[in-house]
2 protein chains.
Amino acid sequence: MKSLSAAEENYLRTIYKLVTDGLEKVSTNEIAAAVNTKAASVSDMLKKLAEKKLIDYRKYYGVSLTEEGRKTALFIIRRYRLWEVFLVDKLKFNWDEVNAIAEELEHVKAPLLVRRLDEYLGFPKFDPHGDPIPDEFGELSDKPRITLQEVPVGQSGKIVSVSDTSANFLKYLDKVGIYIGAKVLVLEKIEYDGSQELFIDNQKKVFVSKEVAANIQVMLHPN
Amino acid sequence: MKSLSAAEENYLRTIYKLVTDGLEKVSTNEIAAAVNTKAASVSDMLKKLAEKKLIDYRKYYGVSLTEEGRKTALFIIRRYRLWEVFLVDKLKFNWDEVNAIAEELEHVKAPLLVRRLDEYLGFPKFDPHGDPIPDEFGELSDKPRITLQEVPVGQSGKIVSVSDTSANFLKYLDKVGIYIGAKVLVLEKIEYDGSQELFIDNQKKVFVSKEVAANIQVMLHPN
DNA sequence: ACATTTTTTTAGACAAGTCTAAAACTTATA
DNA sequence: TATAAGTTTTAGACTTGTCTAAAAAAATGT
């Protein structure tokens, strides 16, 4: 595996995240927003990553990962997500506080450290956001499917299945704009009755009851 | 507290270590050796640290820390030594494997992280080498005095006192070349009978029994 | 289909940190 | 004390990653 700078690793992890978030290819501007820099800087970096054969890059088109890039990204993500688990499980951070810190810890490379950390944490398969942690060989477990009820506020996912397949239920879902494959973001949860407000496909707000949420399975997105 | 780059922090911690190791002022070459770089690079960096008022620097003379530099170094060292404790206590590294890794972890700055880590580790007062860990306010505990028996192989220290003050014992010590203030390095320990081989003042090898070692108090050196 | 807007890339500059080679200074030695 | 030897600093170059401004390409709207 090629040795990468912290900046290169950041870009690679970000691209992986964006790609597996759905997009086939990712735009320069999207990357710029995600790594908090300017498009010009992204162009420069993309050239370098392309030279190292980690991404497929054609000017003015998007980028995608090569097989080598994908594998490399998985090892970076492994480090990142193990640290996330450490921060939440051991240091009692909230799942929404750990991103920035994990990003710094991710760049600590000592391979033995990662293995020991993994062991110490009990070989977790998923991070606090529900995203899978690649194993030593870069292998991913399937993403866990959790019910919409269990999705934390602010987290988004893709609707993958429903438990209640009655016509009534499906008709209701159809009517409010929920369907298999839809992107769903949890905007708010009402403690009182377990109902919640959703944002479907970044477009439509929908209010669902606890009962409805319990019957919808979601696959969490990274981030 | 000024915000420093990872490189600046490394230099500062190194200078602190060298200064408290005994030297009043530290030479460019000593620093170069310690941070594994060239004298020319050190000169450049010293100018920068002097500009930030973290060190007292006069060309062609040594450097020493200003009060601000000392304080800053203590916070860097706090991070460093807490990570050392984590690596040894939690991840089961040996005390001699942790230097390089702690050096990387040291640069992760999130202040809340350091506080949580401290708490998680049970507010340790000393790191695995016996060096004191500054508290949140940069305050140091005294160095612990431990018996020569407890000093790990490869670790060095200074002999600070003896429990047995009988003439016989002192005469023996004198004869083999052990005295208060001597530098002692533990070369080897014999499991079988608890005896050990020492290296006194980087000059003389001495073999002492378990009984003798138990009566000698040592103050550990950094590193 | 053409003009406008948006996105992306290039060109050139800059800051940090490192290096080598050579100059300046200090220390040791004869 | 003069010269040699060793140390430290300067000068100048290079790398990495960033930026702004401007040019080039693509997308959009009428």
Side-chain angles (χ1 to χ4, degrees), chain A residues 2-15 18-19 23-65 69 72-73 76 100 103-104 106-109, chain B residues 2-15 18-19 23-65 69 72-73 76 100 103-104 106-109:
Chain A
K2 296 192 178 68
S3 149
L4 301 177
S5 70
E8 288 170 322
E9 289 191 350
N10 249 316
Y11 275 95
L12 206 56
R13 178 170 53 72
T14 300
I15 293 167
L18 292 170
V19 167
L23 302 321
E24 257 296 291
K25 55 201 178 77
V26 189
S27 75
T28 301
N29 260 357
E30 283 171 321
I31 297 170
V35 303
N36 209 4
T37 185
K38 298 298 161 65
S41 309
V42 175
S43 281
D44 288 347
M45 183 57 93
L46 293 184
K47 261 182 260 166
K48 285 183 31 181
L49 292 176
E51 224 159 75
K52 296 191 177 186
K53 310 252 185 246
L54 295 169
I55 60 174
D56 285 320
Y57 174 51
R58 273 167 52 215
K59 277 190 201 172
Y60 294 106
Y61 291 75
V63 285
S64 56
L65 294 169
T72 305
I76 296 163
E103 211 161 289
E104 291 193 73
E106 157 202 278
H107 302 300
V108 178
K109 301 267 200 1
Chain B
K2 295 194 179 66
S3 148
L4 302 178
S5 71
E8 289 171 323
E9 289 191 351
N10 247 319
Y11 276 95
L12 207 55
R13 178 171 52 72
T14 300
I15 293 168
L18 291 171
V19 167
L23 303 320
E24 257 298 291
K25 55 201 180 74
V26 189
S27 77
T28 301
N29 260 358
E30 282 170 322
I31 298 170
V35 304
N36 211 4
T37 185
K38 299 297 162 67
S41 310
V42 175
S43 281
D44 288 347
M45 183 57 93
L46 294 184
K47 261 183 259 166
K48 285 184 30 182
L49 292 176
E51 225 158 74
K52 296 191 178 185
K53 310 254 185 244
L54 296 169
I55 61 173
D56 284 319
Y57 173 51
R58 273 166 53 214
K59 278 189 202 174
Y60 293 106
Y61 290 75
V63 285
S64 56
L65 294 170
T72 306
I76 296 162
E103 211 161 291
E104 291 193 71
E106 158 200 279
H107 301 301
V108 178
K109 302 262 198 7

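Every chain is numbered from 1, with letters handed out A, B, ... down the list of sequences.
- For D:dG6, the OP1/OP2 oxygens have no side-chain nitrogen or oxygen of B:Asn29 closer than 4.0 Å.
- In this structure, A:Leu12 and A:Leu65 have side chains that are in contact, with non-hydrogen atoms separated by less than 4.5 Å.
- Between A:Thr37 and D:dT18 there is no side-chain N or O to OP1 or OP2 distance below 4.0 Å.
- In this structure B:Thr14 satisfies the side chain to side chain donor-acceptor pair (under 3.5 Å) test with no other residue, sequence neighbours excluded.
- Base pairing in DNA chain D gives the following stems of 3 or more Watson-Crick or G-U pairs, range against range and under 3.5 Å: C:1-30 with D:1-30.
- Residues B:His107 and A:Val108 have side chains not in contact (no heavy-atom distance under 4.5 Å, counting atoms from C-beta outward).
- Taking only side-chain nitrogens and oxygens, A:Lys38 never comes nearer than 4.0 Å to OP1 or OP2 of D:dA21.
- Qualifying side-chain contact (heavy atoms from CB on, under 4.5 Å) partners for B:Ala40, counting only residues two or more places apart in sequence or in other chains: none.
- The CG atom of A:Asn36 sits 11 Å away from the P atom of D:dT18 (whole-angstrom rounding).
- Between A:Asp44 and B:Ala39, the one whose closest nucleotide on DNA chain D sits nearer the 5' end is B:Ala39.
- Scored by the side-chain contact (heavy atoms from CB on, under 4.5 Å) test, B:Ala32 finds B:Val42 as partners (sequence neighbours excluded).
- Listed by residue number, B:Ser5, B:Ala7, B:Tyr11 are the residues of residues 5-14 of chain B with a heavy-atom contact under 4.0 Å to DNA chain C.
- Proximity of residues 54-64 of chain B to DNA chain D (heavy atom under 4.0 angstrom from any strand atom) is restricted to B:Tyr57, B:Lys59, B:Tyr60.
- Using a 4.5 Å heavy-atom threshold, the side chains of A:Leu49 and A:Tyr57 count as separate.
- Listed by first and then second residue, the salt bridge (charged side-chain N to carboxylate O under 4.0 Å, His left out) pairs involving residues 52-64 of chain B are B:Glu8-B:Lys52 (not counting sequence neighbours).
- Out of C:dT9, C:dT20, C:dT7, the shortest distance to the side chain of A:Ser43 is found at C:dT9.
- The salt bridge (charged side-chain N to carboxylate O under 4.0 Å, His left out) test applied to A:Glu9 returns A:Arg79, A:Lys109, not counting sequence neighbours.
- In terms of the side chain to side chain donor-acceptor pair (under 3.5 Å) criterion, B:Ser43 has no residue partners (sequence neighbours excluded).
- Distance NZ (A:Lys25) to C1' (D:dA26): 11 Å, rounded to an integer number of Å.
- The shortest side-chain heavy-atom distance between A:Ile31 and A:Thr37 does not fall under the 4.5 Å cut-off.
- A:Met45 has its CE atom 13 Å from the C1' atom of D:dT15, to the nearest Å.
- The distance between atom NZ of B:Lys47 and atom P of D:dT9, rounded to the nearest whole Å, is 8 Å.
- Residue B:Lys52 contributes atom NZ, which lies 14 Å from atom P of C:dA15 at whole-angstrom precision.
- In terms of the side-chain contact (heavy atoms from CB on, under 4.5 Å) criterion, residue partners of B:Asp44 (sequence neighbours excluded) are, by chain and number, B:Lys47.
- Nucleic acid contact for B:Thr28: sugar-phosphate only, since backbone atoms but no base atoms lie under 4.0 Å from a heavy atom of the residue.
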